[in-house]
Amino acid sequence: MTIEEILAGESKNVEFKVQRPDKSIKYMKTVVAFANGKGGQIIFGIDDKTREVVGVPEDKVFQEIDAITNSISDSCEPTIIPDVYLQNINDKPVIVAEIRAGRQKPYYIKADGLENGVYIRVSGTTRPADRDMSRELYYECDARSFDSVIRRDIEVTDEDIENLCEQMKEVAIANSKSNLQRSAVKDVTKNVLLSWGILKRDENEKIYPTNAYVYLTGQGGLRSMIQCAVFKGTTRSVFLDRRNYEGSLWEQVDEAVQFVLRNIRMGCRLEGVYRQDIYELPPDSIRELIVNAVMNCSYIQVSNIQVALYDDRLEITSPGGLLPGVTIDLMKEGFSKIRNRALANAFVYMNLVEAWGSGIPKLMQAMQEYGLREPEFIDMEVAFRINLYRGQNEVIEVKNSNHDLDDPNKDHNDLKDDLETRLSALIRKNPELTHKALGEALAVSAATIKRTLTKMQHEGKVIREGSNRKGKWILTDKMK
């Protein structure tokens, strides 16, 4: 470390000790936390309160180095071998114990055992890790993903598998942006799901689902949820609206995206003689970030993905910090590691994400094109947060009647009738619109559109002619 880095003070990866404590446990927790995280340095001979360099007595320097090295090697499991060396600052010797990020996580204090001896760094402090975090460290280090863990307690039939394959294909077609992309969507089969890790064979060749299957279908007892909220002002003190979305992951994503779009400003730009309706934040980037949060969420933890809208920003928080080897600077350049690789394969197929690693560079470009400030990336060690700051320049705010859909004071039947009326008006103009296209036009989810149209079909208000891919909607006399 340079003298400037040391004198800058303590941080998430630097800790000061005025001297080596008599009881090594007082700094061994930090040693373990550094090994479980991204590494760090403990510097002996600097007062942690005043930053004063007091140094280590010169006649005891090498004795202290040996004592620190031996304590770390003897106290931790798996064994941690530190790099302990002497450095002079202002003509005073200090001892630097450098701990590298480990490759056999989770590390723990041997005397406390794996149950109670695991520690992590959170916001520059050392904290005990709970059981779920310890499991997360294990999966990270073992190059395995929790979503691909086999579930022997759940059985799936060929019919279950076929239903999932059909649903995924429908979603892929609905999310296609062109006829060419739509025609390129291939069938999903059992073998494809096996290759992605959504299904797995046991030693007897019996097929079982994995956690990815459970999360994709919303079945099997593993709860996943995207929590959405609108707050008044710039803090979480006053709720204006809140929604929790469960079920299959692609429906959660769709509902969360539509929630944001309903609650941000809709405006317009004038380009020549043409008026262009726009949202104040780029919709594609909102979807990309929510999808990335799902693909990189630590589902081992008990917390959920949170999408929070404030007066000044959109905040998306995903449980699970950055994976080893990933930094914010590398992310901005397109470098990516996926925590849930089985889910990522499914999301790429369903056209919910274009390509791994492309999202953050595209996001930064989109925000620049909108004239907004650069997104803020915050590594919280146990979670990762991205803030998109809202802008009001260049956007002429207009009333968006779709906000009425979330008005708690409005009668529920009125809301349904209003949606049916506006849906019918769109169908009259273009009867070939898909669920997704209708949802985007009305700023509601494709799932909501599907439920509404199914209800209208049962009531004899609309008829579907042709296939799901090439058919069209026909309004009956009841809606004319």
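Small disclaimer: the values here were computed from a predicted structure and weren't measured.
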Practice task
Give a yes or no answer on whether the side chain of N340 reaches the backbone of C297 with a donor-acceptor pair at less than 3.5 Å.
Solution key: yes

Handout entry: Flag, side chain of T69 to backbone of D66, donor-acceptor distance under 3.5 Å
Key = no

Practice task
Evaluate side chain to side chain contact (heavy atoms under 4.5 Å, CB included) for K60 paired with E58, printing each intermediate quantity in order.
Solution key: CA-CA 5 Å; K60 294 184 177 180; E58 292 187 7; over 6 Å; no

Practice task
Decide yes or no on side chain to side chain contact (heavy atoms under 4.5 Å, CB included) for D83 and R100, but give the supporting numbers first.
Solution key: CA-CA 8 Å; D83 186 7; R100 295 181 179 86; 3.7 Å; yes

Fill in the blank from the handout: Value for CD1 (I378) from OG1 (T317), rounded to nearest 0.5 Å, stands at 8.0 Å

Exercise for the section: Ignoring hydrogens and angles, state whether a donor on the side chain of S248 or T217 is under 3.5 Å from an acceptor on the partner side chain. Expected result: no

Problem - Within 6.0 angstrom of Q368 CD, more than 12 heavy atoms from elsewhere - result: no

Practice task
Mark yes when over 12 heavy atoms from residues, nucleotides or ligands other than R236 sit less than 6.0 Å from its CZ; otherwise mark no.
Solution key: yes

Practice task
Considering only NZ, NE, NH1 and NH2 on the basic side and carboxylate oxygens on the acidic side, decide whether D311 and K232 come within less than 4.0 Å.
Solution key: no

Handout entry: Salt-bridge criterion met for E15 and K29 (N-O under 4.0 Å)
Key = no

Handout entry: Heavy atoms from other residues, nucleotides or ligands near NZ of K38 exceed 12 (cutoff 6.0 Å)
Key = yes

Handout entry: Backbone of G247 reached by a side-chain donor or acceptor of E251 within 3.5 Å
Key = no

Handout entry: Straight-line distance of Y279 OH to R390 CZ, nearest 0.5 Å
Key = 13.0 Å

Practice task
Using a strict 4.0 Å threshold on nitrogen-to-oxygen distance, state whether R152 and E203 make a salt bridge.
Solution key: yes

Handout entry: Gap separating the CG atom of D47 from the CD atom of Q19, nearest 0.5 angstrom
Key = 10.5 Å

Problem - CA sep, side-chain torsions, deciding dist, call: E52, V18, side chain to side chain contact (heavy atoms under 4.5 Å, CB included) - result: CA-CA 9 Å; E52 179 187 359; V18 67; over 6 Å; no

Exercise for the section: Please name the pair of heavy atoms, one in D147 and one in R341, separated by the smallest distance, quoted to 0.1 Å. Expected result: OD2-N, 3.5 Å

Practice task
Keeping the roles fixed (side chain from K200, backbone from S148), state whether a donor-acceptor pair exists under 3.5 Å.
Solution key: yes

Fill in the blank from the handout: Heavy atoms of K110 and C76 approach each other most closely as CE-O, 3.9 Å

Practice task
Check the angle between the aromatic planes of F377 and F384 and answer parallel, tilted or perpendicular using the 30° and 60° thresholds.
Solution key: parallel

Practice task
Taking atom types as modelled, find out whether T189 and N191 have a side-chain donor-acceptor pair closer than 3.5 angstrom.
Solution key: no

Practice task
Count the heavy atoms belonging to other residues, nucleotides or ligands that lie under 6.0 Å from CG of N204, then report whether that count exceeds 12.
Solution key: yes

Practice task
Please examine the side chains of Y215 and N211, heavy atoms only from C-beta on, and report whether any two atoms are closer than 4.5 Å.
Solution key: yes

Problem - Heavy-atom closest pair, residues A35 and I99 - result: N-CG2, 3.9 Å

Problem - Ring centres under 6.0 angstrom apart (F231, Y310) - result: yes

Handout entry: D379 and R385 ion-paired at < 4.0 Å
Key = no

Exercise for the section: Evaluate whether atom CG of D202 has more than 12 neighbouring non-hydrogen atoms of other residues, nucleotides or ligands under 6.0 angstrom away. Expected result: yes

Fill in the blank from the handout: ring-ring contact (aromatic ring centres under 6.0 Å, His included) pairs touching residues 89-124, sequence neighbours excluded, are none

Exercise for the section: Answer yes or no: is there an ion pair linking D241 with R243, defined by an N-O contact shorter than 4.0 Å? Expected result: yes

Practice task
Start with the C-alpha gap between R151 and D153, add the side-chain angles, then the distance that decides, and say whether salt bridge (Lys or Arg N to Asp or Glu O under 4.0 Å) holds.
Solution key: CA-CA 5 Å; R151 293 293 302 273; D153 58 321; 2.8 Å; yes

Practice task
Could you walk me through whether D284 and K362 pass the salt bridge (Lys or Arg N to Asp or Glu O under 4.0 Å) test, one step at a time?
Solution key: CA-CA 10 Å; D284 286 346; K362 284 176 58 181; over 6 Å; no

Problem - Ring-face cation of R373 near Y389 (centre distance under 6.0 Å, axis angle within 45°) - result: yes

Completion exercise
Taking every heavy atom of E255 against every heavy atom of T448, the minimum-distance pair comes out as OE2-OG1, 4.0 Å

Problem - Donor-acceptor contact below 3.5 Å, side chain N351 vs main chain A172 - result: yes

Handout entry: Short side-chain to backbone donor-acceptor contact, K92 and V53, under 3.5 Å
Key = yes

Practice task
For residues L314 and N387, determine if any side-chain heavy atom of one lies less than 4.5 Å from a side-chain heavy atom of the other.
Solution key: no

Handout entry: Under 3.5 Å donor-acceptor, D130 side chain and M133 backbone
Key = yes

Problem - Sub-4.5 Å side-chain heavy-atom contact between Q252 and I305 - result: no

Practice task
Measure the acute angle between the ring planes of Y349 and W196, then classify it against the limits of 30° and 60° as parallel, tilted or perpendicular.
Solution key: tilted

Exercise for the section: Decide side chain to side chain contact (heavy atoms under 4.5 Å, CB included) for K332 and I328; before the verdict, give the C-alpha distance in whole Å, the side-chain angles of both, and the deciding distance to 0.1 Å. Expected result: CA-CA 6 Å; K332 292 179 180 180; I328 291 173; 3.8 Å; yes

Handout entry: S224 and N304, any side-chain heavy atoms less than 4.5 Å apart
Key = no

Practice task
Could you tell me whether a side-chain N or O of T125 sits under 3.5 Å from a main-chain N or O of V122, the two making a donor and an acceptor?
Solution key: yes

Practice task
Taking all heavy atoms of L137 and all of N36, pick out the closest pair and write down the distance.
Solution key: CD2-O, 3.4 Å

Handout entry: R135 NZ/CZ over Y138 ring centroid, <6.0 Å and within 45° of normal
Key = no

Exercise for the section: Let me see the working for D48 and K17 under salt bridge (Lys or Arg N to Asp or Glu O under 4.0 Å), right down to the final yes or no. Expected result: CA-CA 6 Å; D48 59 327; K17 297 291 181 186; over 6 Å; no

Handout entry: For L281 against M367, the heavy-atom pair lying closest together
Key = CD2-CE, 4.2 Å

Exercise for the section: To the nearest 0.5 Å, tell me how far E333 CD sits from I360 CD1. Expected result: 12.5 Å

Problem - Whether R121 side chain and K12 backbone form a donor-acceptor pair below 3.5 Å - result: yes

Practice task
Check whether the ring centres of Y213 and Y208 lie less than 6.0 Å apart, and answer yes or no.
Solution key: no

Exercise for the section: May I ask you to decide if F259's main-chain N or O and N263's side chain share a donor-acceptor pair within less than 3.5 Å? Expected result: yes

